[in-house]
Amino acid sequence: MVAIGLPDGSKRNYEGAVTAAAVAADIGPRLAKDALVARVDGELWDLERPIETDAEIEIITRKADDALEILRHDCAHVLAEAAKELWPDLQVTIGPAIADGFYYDFARETPFTPDDLVALEDRMREIVARDETIERMEWERDRAIEFFKSIGEHYKAEIISEIPAGQIISLYRQGEFIDLCRGPHLRATGQVGSGFKLMKVAGAYWRGDHRNEMLQRIYGTCWRDDKELRAYLTRLEEAEKRDHRRLGREMDLFHFQEEAAGMAFWHPKGWTLYRTCEHYMRRRLDDAGYGEVKTPQLVDRALWEASGHWEKFREHMYTSESEERTFALKPMNCPCHVQIYRQGIKSYRDLPLRMAEFGSCHRYEPSGALHGLMRVRNFVQDDAHIFCTEAQITDESIAFCDLLISIYRDFGFEEVMVKFADRPPVRAGEDAVWDRSEAALREAVEATGLPYEMNPGEGAFYGPKLEFVLRDAIGRDWQCGTLQVDFVLPERLDASYVAEDGEKHRPVMLHRAILGSFERFIGVMVEHYAGRLPLWLAPTQAVITTITHEGDDYARDVARRLGAAGLRVETDLRNEKINYKVREHSLAKVPLIIAIGRREAEEGTLAIRRLGSKAQEVLALDAAVDKLVGEACPPDLLRG
């Protein structure tokens, strides 16, 4: 007898092994038709795979959160089958589901062309229309190795050869195509549906190692139906319009070049935007009781070894040799902040001690991973560390979360999600220490009242963390802020304080950032606003442009008056038509274009046109100055 528990708390009993498909059919024909896979005791499971012991099961339908990953995984297998049918001599390697889609890596001497993608997608739709049954098979390892070798799939044979001898592995057959896979899969290819599209071809090293062969990776996207697919493609079009790299050129903010790959060249307007963000953050940190510090860029290897970064993070660090010593450009600020903390004896009365730095860091990123401001090798963190007692963790976490939410709202981000990332596979510190730190962080986040979800195994190597994820104007998520509880680094670097009992104790170290890195946050923000930044952030807040040269002197006076009031103003006195000037400054996303002609000069007025609007607002100069200064005031100063 096998007892099956269902999500509603009911149970069903079966004589011997049963499948999830049979359970779904017992519940009702609609569920049997809609079922894709099942979750059996928390593990995703094929509908036709036998369940031989008592279990709790849930039937996963197309509407479930897990459905997309299953559909995308199956779509990758359909792609591989289509490729083998069109080009039998190519080899299939690895093809997982990823965010928004899937990919499959192929070994093929001839490069794929755009026409090949069209042919592949057509064949994939044929395979879906065939509605081929997908069958799970379990073979001994050696049999699988010999099979894949016999059909010329040497990459698959290599993967299987690394599985321990004698182990049973799972394969899946659909039509004539057999692939190695852990599963689960749909019952038939027809369940994939029509909501997929092949997107592009890229190069990828076998197993991500540049010493291995270069493969061809085909990316695709897959959704529940055509409606979701069309919505996604529309979002991609909108994202392309908002690409911060294109907007960076149009707005003259920054550029990149190969001589300093992954490091931004900030232009005057871009640096004005950067400094505006930095000045705002400095004011907020000052108000929150942080002391700002500055630490060295180049630090002896010995400190990185003591902190554990040399062992866990060495491959991402830039090093230099001098006087028979090895130095590293700092990839993060934490060990240096501990060195400042250790100067002098600290008492429990000194805690919490909040230490902030706009710290310039360097990390090696493969050239293929670089992406404008979003993925760089040199960046500045709005980094800070709070040294506190264990009893102070919750209060400090609440204060930090309040500060973070307030700052995000000032920058225009209302939707913030929180993820709890617990211990990673590779980490420093004993499990008992991790138990304490995870319990402390969980208590703290629950005290904030913020909802959160788990992100298993994604903590820092020295402690668990909260990840703060922003949602932008077109629904994309960006992980920016973080709060980490660290019991490990203070121990490794011998940080202590004298407690009320007169004995030395280790402080807890809270690592925290809000923007994350200035570079990436500015990239996110430019895309969020599609370049149309709020007036307080815009590098050039207003352009005073003349209609005729009769207004030149008044335009200069207006620019001086607005500049003296604190606005960032430029003049455009060129002998060009006013419509040409308006188009040019609109492309550069200047929020205010103030046109001045003979009438404005004679009457002492300003004709103000706002970005994206054809309407003009005519105001007297004094009234315009007062109004625009108020609008351009940063939110924190406006509240103050």
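This chain uses plain numbering: 1 for the first residue, then up along the sequence.
Both cation-pi conditions hold for R314 and W310: the charged atom is under 6.0 angstrom from the six-membered ring centre and inside a 45 degree cone around its axis.
Sparse packing is recorded around CZ of R173, with 12 or fewer heavy atoms of other residues, nucleotides or ligands lying under 6.0 Å away. Heavy atoms from other residues, nucleotides or ligands lying under 6.0 Å from CD of E138 number more than 12. Other residues, nucleotides and ligands contribute more than 12 heavy atoms inside 6.0 Å of the CG atom of N13. The number of heavy atoms from other shown groups lying within 6.0 Å of CZ (R235) is above 12. At most 12 heavy atoms of other shown residues, nucleotides or ligands fall within 6.0 angstrom of atom CD in E109. Heavy-atom contacts from other residues, nucleotides or ligands closer than 6.0 Å to CD of E153 number more than 12. Dense packing is recorded around CD of Q167, with more than 12 heavy atoms of other residues, nucleotides or ligands lying under 6.0 Å away. Counting heavy atoms of neighbouring residues, nucleotides and ligands inside a 6.0 Å radius, atom CD of E430 does not exceed 12 of them.
In this structure, Y104 has its ring center no closer than 6.0 Å to that of F102. In this structure, the ring of F413 has its center no less than 6.0 angstrom from the ring center of W478.
The pair R427-E438 does not meet the salt-bridge criterion, since no charged nitrogen lies less than 4.0 angstrom from a carboxylate oxygen. A salt bridge links D435 with R423: the closest approach of a Lys/Arg side-chain nitrogen to an acidic carboxylate oxygen falls below 4.0 angstrom. At a threshold of 4.0 Å, the pair K227-D225 does not count as salt-bridged, since none of the basic side-chain nitrogens sits closer than that to a carboxylate oxygen. Salt bridge E126/R123: present, at least one basic N to carboxylate O contact under 4.0 Å. With respect to the salt-bridge test (charged N to carboxylate O, under 4.0 angstrom), the residues R211 and D209 qualify. By the 4.0 Å N-to-carboxylate-O rule, E527 lies close enough to R476 to be salt-bridged with it. The pair R363-E519 does not meet the salt-bridge criterion, since no charged nitrogen lies less than 4.0 angstrom from a carboxylate oxygen.
Between H309 and P335 there is a side-chain heavy-atom pair separated by less than 4.5 Å. Using a 4.5 Å cut-off on side-chain heavy atoms (C-beta onward), T221 and L236 make no contact.
Shortest non-hydrogen contact noted between G459 and P424 is O-CG, 3.4 Å. Taking both residues in full, the closest heavy atoms of E140 and I168 are given as CG-CD1, 3.6 Å, listed atom of the first, atom of the second, then distance. A pairwise comparison of heavy atoms in R520 and C480 identifies NH1-SG, 3.8 Å as the closest pair. Shortest non-hydrogen contact noted between A107 and L215 is CB-CD2, 3.8 Å. Nearest heavy-atom pair across V445 and V418 is CG2-CG1, 4.3 Å. Between A82 and M124, the shortest heavy-atom contact is CB-CG, 3.8 Å.
Donor-acceptor pairing under 3.5 Å is lacking for the side chains of Q381 and S517. In this model, a donor atom of one side chain and an acceptor atom of the other lie less than 3.5 Å apart for E467 and N455.
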Steps toward salt bridge (charged side-chain N to carboxylate O under 4.0 Å, His left out) verdict (K84, E81): CA-CA 5 Å; K84 288 296 288 186; E81 181 181 2; over 6 Å; no
Go through the steps for T319 and R301 under the test side chain to side chain contact (heavy atoms under 4.5 Å, CB included), then give the verdict. CA-CA 9 Å; T319 60; R301 164 181 177 168; over 6 Å; no
Does R130 form a salt bridge (charged side-chain N to carboxylate O under 4.0 Å, His left out) with E85? I'd like the steps, not just the answer. CA-CA 14 Å; R130 291 178 207 159; E85 288 186 1; 2.8 Å; yes
If you apply the rule side chain to side chain contact (heavy atoms under 4.5 Å, CB included), what do you find for L483 with F468, and how did you get there? CA-CA 8 Å; L483 173 65; F468 298 89; 4.1 Å; yes
Starting from the C-alpha separation in whole Å, work towards a yes-or-no answer on side chain to side chain donor-acceptor pair (under 3.5 Å) for E321 and T326. CA-CA 5 Å; E321 304 288 334; T326 301; 3.1 Å; yes
List the steps, then state whether side chain to side chain contact (heavy atoms under 4.5 Å, CB included) holds for V376 with L370. CA-CA 6 Å; V376 291; L370 300 176; 5.6 Å; no
Step by step, work out the side chain to side chain contact (heavy atoms under 4.5 Å, CB included) result for I98 and R72. CA-CA 8 Å; I98 57 175; R72 289 165 179 167; over 6 Å; no
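The only member of H185, R136, E135 that meets side-chain hydrogen bond (donor to acceptor under 3.5 Å, both in side chains) when paired with Y172 is R136. For the pairing with I218, the side chain to side chain contact (heavy atoms under 4.5 Å, CB included) check across D116, D105, L120 returns one residue only, L120.
The backbone N or O of E365 lies less than 3.5 Å from a partner atom in the side chain of R377, making a donor-acceptor pair. Looking at Q191, its side chain never comes within 3.5 Å of a backbone N or O of L36 through a donor-acceptor pair.
Using cut-offs of 30° and 60° on the angle between ring planes, the pair H511 and Y462 is parallel.
To the nearest 0.5 angstrom, C222 atom SG is 9.5 Å from E228 atom CD. With values rounded to the nearest 0.5 angstrom, D74 atom CG is found 9.0 Å from T189 atom OG1. Atom CZ of F521 is separated from atom NE2 of H528 by 9.0 Å, given to the nearest 0.5 angstrom. The structure places CD of E48 at 6.5 Å from CZ of R187, a figure rounded to the nearest 0.5 Å. Taking CG of L329 as the start and SG of C361 as the end, the distance is 10.0 Å to the nearest 0.5 Å. In this structure, CZ in F518 is found 10.0 Å from CE in M525, a value given to the nearest 0.5 Å.
For D179, the salt bridge (charged side-chain N to carboxylate O under 4.0 Å, His left out) partners at least two apart in sequence or on another chain are K156. Listed by chain and residue number, nothing satisfies the side-chain hydrogen bond (donor to acceptor under 3.5 Å, both in side chains) test with E237 (two or more places apart in sequence, or in another chain). Contacts of Y205 classified as side-chain hydrogen bond (donor to acceptor under 3.5 Å, both in side chains), with partners at least two apart in sequence or in another chain: none. Taking the side-chain hydrogen bond (donor to acceptor under 3.5 Å, both in side chains) definition, one finds that E146 meets it with nothing, sequence neighbours left out.
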Report all side-chain donor-acceptor pairs from residues 192-199 shorter than 3.5 Å, counting only partners two or more places apart or in another chain.
residue	atom	partner	partner atom	Å
S194	OG	D226	OD1	2.9
S194	OG	D226	OD2	3.2

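Sequence neighbours left out, the pairs with a member in residues 2-11 that pass side chain to side chain donor-acceptor pair (under 3.5 Å) are D8-S10, K11-E56.
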